[in-house]
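The structure under discussion appears below in the form of structure tokens.
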Amino acid sequence: MKNFSTAALFLALASVVLPAQSQSSGRCTFLPNAPDQHVVVRGDTLWDISGRFLEQPWCWPQVWNLNRDQIRNPHWIYPGQVVYFDRTTGRLSLSRNNGAAGTDAPGTVRLSPEIRTSALGPDAISSISLSEIGPFLSQPLIVDADELTTSPRIIAAQEERVVIGNGDIAYVRGALGDKTEFHVFRAGKPLKDPGTQKIIGYEAAYLGAANLKRAGTTVEQPHTIIITKSKEEMGIGDRLLPVEPTSFLNFVPHAPEQRVDAQIVSVYNGVTHAGQNQIVTINRGKKDGLDIGSVLQLQRLGKTIVDRTSGRKETVKLPDEHYGNLFIFRVFNNISYGLVMQVRDTVQIGDIASSPE
């Protein structure tokens with residue numbers, strides 16, 4: 001499986017024994033037909049494995065009784081290991097010895113102190129499938145309004161070129177800080193909060209990448225850049241953002257730390273409806289307590305109808321309907337990207353995405 005994390009990840013776990021839990025832990029309920037065990041295979045994800053045992057797959061960390069710090073750290077599981085379900089205690093445990101018979105008691109899991117100094121290995125499973133979200137992990141995608149007005153801009157190209165492409169030299173004005181690698185983007189459509197209609201960001205069209213060739217020696221003197229990657233044609237007025245380390249880690253699914261009530265702002269690719277494994281934006285982000293791995297439940301507000309069976313023709317509001325889940329995989333200040341999971345209906349702009357009940 002392709003690894004999209006560029007930073008070295010350290011996982012230091014002291015010896016841990018996970019305590020027993022009841023058959024139902026808060027929102028986490030085991031399926032009546034849950035298997036006694038599952039052998040992890042290549043292609044599994046934490047979400048897939050959780051779904052074999054639990055009615056709500058995002059409950060994985062709650063079943064394992066992980067604390068918040070452990071949830072924030074990558075939790076690697078590899079093919080060949082065995083997940084056991086102890087029906088007496090209502091607890092899951094993990095084999096640490098590639099599923100060898102008799103090597104682990106099914107009631108507990110002890111993690112020996114260790115440090116992983118490499119990124120996610122090619123065999124380790126991820127929280128969700130990366131195939132759908134891979135391209136979204138490294139491109140700017142969402143630009144805040146203040147970033148749009150203050151980001152460096154291309155003002156000219158070598159030899160007075162109108163169209164700028166791979167290998168071309170261009171000139172930029174604006175503060176680059178100490179950065180030397182940049183994404184080149186063009187501001188796309190504004191994204192509006194469905195409730196307030198206020199612009200909360202812009203969906204950026206990713207054009208390519210550039211490196212700093214020579215910094216200006218004065219505030220007035222333009223910087224010189226060279227285009228290192230061209231996905232689309234670039235031109236005068238296009239903007240730069242510094243390349244940041246990819247922020248996606250293999251976070252275990254979890255409920256937000258604080259109450260979140262959001263709405264669907266847009267469906268990627270400009271359509272109005274989304275289905276399973278499609279990507280949407282919501283009008284909540286870092287400022288609202290969301291982080292990578294947060295899971296929200298999707299629901300549609302019940303319509304208000306006239307009860308024609310009543311002699312008085314009363315108006316009645318139908319119940320709100322929970323029809324799926326949303327896995328948050330990239331978070332900006334005011335907006336987040338989520339992958340649609342387990343839906344029984346289509347996702348529409350304006351639908352509610354809130355903390356699981």
Does any non-hydrogen side-chain atom of [Y] lie less than 4.5 Å from one of [X]?
X    : Y    : answer
P152 : R173 : no
P256 : R284 : no
N334 : K287 : yes
Y202 : I142 : no

Could you state the interatomic distance from [atom1] ([X]) to [atom2] ([Y]), rounded to the nearest 0.5 Å?
X    : Y    : atom1 : atom2 : answer
E233 : D168 : CD    : CG    : 10.5 Å
S336 : L290 : OG    : CG    : 4.5 Å
L339 : W47  : CG    : CH2   : 8.5 Å
L240 : H223 : CG    : NE2   : 10.0 Å
I164 : Y171 : CD1   : OH    : 10.5 Å
I200 : D193 : CD1   : CG    : 5.0 Å

Neighbour count >12 (heavy atoms, 6.0 Å) for atom NZ, K313: no
Within 6.0 angstrom of R259 CZ, more than 12 heavy atoms from elsewhere: yes
CA sep, side-chain torsions, deciding dist, call: Q297, N325, side chain to side chain contact (heavy atoms under 4.5 Å, CB included): CA-CA 4 Å; Q297 67 178 23; N325 293 308; 4.0 Å; yes
Flag, side chain of [X] to backbone of [Y], donor-acceptor distance under 3.5 Å:
X    : Y    : value
E147 : V143 : no
Q258 : D288 : yes
R344 : H322 : yes
E160 : A157 : no
D307 : E314 : no
S230 : G208 : no

Stepwise side chain to side chain contact (heavy atoms under 4.5 Å, CB included) test for N211 and E181: CA-CA 5 Å; N211 286 349; E181 297 181 352; 3.4 Å; yes
For the residue pair [X] and [Y], what are the closest heavy atoms and their distance?
X    : Y    : answer
L31  : G51  : CD1-O, 3.3 Å
V340 : A274 : CG2-CB, 4.5 Å
H254 : I292 : CE1-O, 3.4 Å
V331 : G285 : CG1-C, 3.7 Å
A170 : I154 : CB-CG2, 4.2 Å
D48  : G43  : OD2-O, 3.8 Å

Reference residue R239; test side chain to side chain contact (heavy atoms under 4.5 Å, CB included); the match among R186, H183, R153: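 Only one option passes, and that is R153.
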Reference residue I282; test side chain to side chain contact (heavy atoms under 4.5 Å, CB included); the match among I335, L298, L326: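 With I282 as partner, side chain to side chain contact (heavy atoms under 4.5 Å, CB included) holds for just one option, L326.
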Is [Y] reachable from [X] through a run of hydrophobic residues whose side-chain heavy atoms are each under 4.5 Å from the next?
X    : Y    : value
Y268 : L191 : yes
V39  : Y84  : yes
M234 : I226 : no
F185 : I199 : yes

From CA spacing to verdict: side chain to side chain contact (heavy atoms under 4.5 Å, CB included), E232, Y206: CA-CA 8 Å; E232 297 184 26; Y206 173 74; over 6 Å; no
Just distance, no hydrogens or angles: give the donor-acceptor pairs under 3.5 Å from side chains in residues 349-356, sequence neighbours left out.
residue : atom : partner : partner atom : Å
D351    : OD1  : R300    : NE           : 3.2
D351    : OD2  : R300    : NE           : 3.3
D351    : OD2  : R300    : NH2          : 2.8
D351    : OD2  : Y323    : OH           : 2.6
D351    : OD2  : Q348    : N            : 3.0
S354    : OG   : Q299    : NE2          : 3.2
S355    : OG   : V260    : N            : 2.9

T224/I169 under side chain to side chain contact (heavy atoms under 4.5 Å, CB included): CA gap, chis, key distance, verdict: CA-CA 7 Å; T224 304; I169 299 295; 3.5 Å; yes
D36/R87 salt bridge by N-O under 4.0 Å criterion: yes
Parallel, tilted or perpendicular: rings of F85 and F53 (30°, 60°): perpendicular
Option among E220, R214, Q221 that satisfies the side chain to side chain donor-acceptor pair (under 3.5 Å) test with T217: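 Filter result, single survivor: Q221.
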